[in-house]
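Only this structure's heavy atoms are used, side chains among them; waters, hydrogens and symmetry mates stay out.
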Amino acid sequence: MKKISNIIKHYFNKNLWIIYILGFVLSLVGSFQVYHGRYDSILKEISVISVSVLKLFLFVPIEGFIKENPLAYELATWVAPMSTLLATFSVFNKSYTAIKLKLTHFHKEHIIVMGYNDYSLSFMKNYISLKNKKKILCVLPERISEKDVETLSRIGVMTCTIDYMSGLNDENIRISSEYNFASVDTIICFEDEPKNYGYLKLISELIVKSKKKKEKTVNVYVNTVNKYIRNIVQHKMDEIKIFDIKYFNIYDLISYNLINLKNFKLYETSGLKKEYFSFDDFSNSIGTPNILLIGFKNCGKSLFELAVNQTTINAKENMKITIVDRKISNIIEEYKATIRELKKVANIELIDGDINHISTQNKIRENHKKAPFTAVLFSTKNCTESLIFMDLLGEEIFKNVNTAVFCENIWENKSLIESILLKYSNITVFGKLIDVLNFEAITNEPLEIKAKEFNAYYKEISGKIMNFPEEDISIEEQWNSLSNIKKDSSRSQCMHQNVKEVLLAKIAQMEGFSSVEELLDRWKAMVNSVSVKEQINIIEKNPAMNYMSALEHKRWSSFYYMKNFVYSEKKDEVNCTHNSLIDDWDEFLHSDKREEVIYDFISVLSVK
């Protein structure tokens, strides 16, 4: 019933002008029929007809209701005043909506959404549709258009404006107090970079000024597009102690949704055999992922960055990736400027061209013949072009290879998608914005909880193995003490646990254990109650323990390389340098960093 009511209201409001025109025409025609010919003077007649029309709109028709009048006049006595009422309600609608929102939101818990754009509007609409949710307060810059505010009011979002140019002035302080910023525990920011960081800084200061006592931290989620800017400012943002900031990118969420939630496999790990029992044998038998990525803008970059983490299965070899795009050489050169050690995380081959061109298609065929692709990822916005390309290359590539196709609006391409799926059932379609522009996807609570638990478990095992004194500190306190880059490192480590678990399951089977848990318990027992020096010796002599430690070190190094870190004897997060970024595992084992091997091994033991 509510849906039908909303449809009726929509079309009624849309066609309101018809009632206004009908009221005017009926009043004019009816008054003309009543008064035409009564007066000798044409000016007098026009004057009387005009006054009659006006009085009809003011609820006081000259002829009254008792006399019998022409049909047009009789209809005008109803339609004209109705038009006046509707016009009056329209004029006062803004005040009515504001009062209604105030009453609806009175003494309710809120989340703050900062900024108005397509992404934030979609998020707010999705959020409002949830049951048992908090109310939304949308904080907007002072120069926001009236039309945008009206759009938000219509969907039930309360708004307020902040003059970011004026900082901590009296008016901004008054608004933050009136709308009770201090009670909010969640902020989601969709403002553009880099001004979003300045806006958040001001909001934090307004909250601090409003708070009467120290309360729990505010969870802040910041939409980022330019990750280089984020890497520059995040150290200063970490200084805002009342905020626990998590950065998200729409295309990162889409990529995460594909690889972690849809369980899309970038590589199938082959089995391990008992006779393969050296470090090199492990590496050779596991093989190397070989990915074809079509497109490297927006979603393509996010898929590449996630694949770097999730395809780290070979401790000696980087993943291979062939990237196809128009002017890809220029795009990659720009990308390298923000990731200086890109060559250390992947073996990249570029094909510069259009996938519709036969020369590009032939190059892809040749690459596949030389080394078959383990997965194909289409990331271009033109879903139709991707699907046609698949049909053109046919069974040569796509019949037995896991393939993912990016499509923001599946309904536009539904028939074509379903037709291609009849030929190739191994295709996964992904990219719906509704899947990621929601509270669950942006906050990603399961991964966040897992990362916090991993961090605490990692510290607990470290303490036991390294004989550190016990600390009485909560999981939340441990997490909040980390810098943002270390939090991201924990999240990446947790995402990689599924990859480690597959390898550990094969090792457990090979070594005669019934489960991964039993294998890890055995490994813990082997290194317990001995010195760190002896622990490293045990790890180095055991091929499986050695391999898994090397694998985690490689994954950890790739994470920091993708954050634009380089090796230096001095460890410095602000200047993106780290003294443990030694790529050759043998070199690392025989360097002055040898004892740090235990931390890589502890990460392996933390797999749950």
Distance, nearest 0.5 Å, that separates [atom1] of [X] from [atom2] of [Y]:
X	Y	atom1	atom2	answer
Phe406	Cys299	CZ	SG	5.0 Å
Ile417	Ile427	CD1	CD1	9.0 Å
Arg491	Asn444	CZ	CG	9.0 Å
Asn172	Lys209	CG	NZ	12.0 Å
Glu205	Ile240	CD	CD1	8.0 Å
Asp354	Phe389	CG	CZ	10.0 Å

Side chain to side chain, [X] and [Y], heavy atoms closer than 4.5 Å:
X	Y	value
Leu202	Tyr164	yes
Leu293	Phe378	no
Leu140	Leu152	yes
Asn438	Leu130	no
Tyr247	Gln234	yes
Asn330	Lys327	yes
Ile323	Ile351	no
Tyr256	Val436	no

Nearest heavy-atom neighbours spanning [X] and [Y]:
X	Y	result
Ser329	Asp352	OG-OD2, 3.8 Å
Cys407	Asn413	SG-ND2, 3.6 Å
Met124	Gly115	CE-O, 4.4 Å
Tyr73	Val34	CD1-CG2, 3.9 Å
Leu258	Leu303	CD2-CD2, 3.9 Å
Ile232	His235	O-CD2, 4.0 Å

Any donor-acceptor pair under 3.5 Å linking the side-chain atoms of [Y] with those of [X]?
X	Y	value
Thr380	Ser386	yes
Asp148	Thr151	no
Ser302	Asp252	yes
Asn402	Thr428	no

Looking at [X] and [Y], would you say the former's side chain and the latter's main chain have a donor-acceptor pair under 3.5 Å?
X	Y	value
Ser210	Leu206	yes
Glu193	Asn226	yes
Asn69	Glu74	no
Thr159	Val149	no
Thr224	Arg230	no
Asn257	Asp435	no
Asp244	Thr217	no
Asn480	Glu476	yes
Asp163	Glu142	no
Ser52	Val48	no

Run the ring-centre check on Phe190 versus Tyr116 and record whether the distance is less than 6.0 Å. no

Quick one: do Tyr424 and Thr403 satisfy side chain to side chain contact (heavy atoms under 4.5 Å, CB included)? Show the steps, please. CA-CA 9 Å; Tyr424 313 108; Thr403 302; over 6 Å; no

Output, in order, the C-alpha distance, side-chain angles, deciding distance and verdict of salt bridge (charged side-chain N to carboxylate O under 4.0 Å, His left out) for Glu178 and Arg174. CA-CA 6 Å; Glu178 180 184 341; Arg174 184 194 66 76; 2.5 Å; yes

Before accepting this row, confirm whether a basic side-chain N of the pair [X]/[Y] lies closer than 4.0 Å to the acidic partner's carboxylate O.
X	Y	result
Lys452	Glu448	no
Lys297	Asp325	yes
Lys246	Glu445	no
Lys432	Glu408	no

For Ser183 and Asn180, run side chain to side chain donor-acceptor pair (under 3.5 Å): C-alpha distance rounded to whole Å, both residues' side-chain angles, the deciding distance at 0.1 Å, then the answer. CA-CA 6 Å; Ser183 68; Asn180 203 6; 3.2 Å; yes

Check the pair Leu56, Ser31 against side chain to side chain contact (heavy atoms under 4.5 Å, CB included), reporting the backbone distance first and the verdict last. CA-CA 9 Å; Leu56 280 166; Ser31 297; 3.8 Å; yes

Is the number of heavy atoms from other residues, nucleotides or ligands within 6.0 Å of [atom1] ([X]) greater than 12?
X	atom1	answer
Lys236	NZ	no
Lys450	NZ	yes
Asn169	CG	yes
Tyr228	OH	no
Phe24	CZ	no
Ile434	CD1	no

Is the Phe439 ring parallel, tilted or perpendicular to the Phe123 ring (thresholds 30°, 60°)? tilted

Test salt bridge (charged side-chain N to carboxylate O under 4.0 Å, His left out) applied to Asp391 and Lys423, step by step: CA-CA 9 Å; Asp391 200 51; Lys423 293 184 177 183; 2.6 Å; yes

Pair Phe264, Phe430 - check side chain to side chain contact (heavy atoms under 4.5 Å, CB included), show working. CA-CA 10 Å; Phe264 181 82; Phe430 73 105; over 6 Å; no

Apply the test salt bridge (charged side-chain N to carboxylate O under 4.0 Å, His left out) to residues Glu305 and Lys227: give CA-CA distance (whole Å), side-chain angles for both, the deciding distance (0.1 Å), then the verdict. CA-CA 12 Å; Glu305 288 161 9; Lys227 293 176 184 176; 2.4 Å; yes

Go through it in stages, so that I can follow the logic: the residues are Lys134 and Tyr127, the test is side chain to side chain contact (heavy atoms under 4.5 Å, CB included), and I'd like the CA-CA distance, side-chain angles, deciding distance and then a yes or no. CA-CA 9 Å; Lys134 296 178 182 178; Tyr127 186 82; 3.5 Å; yes

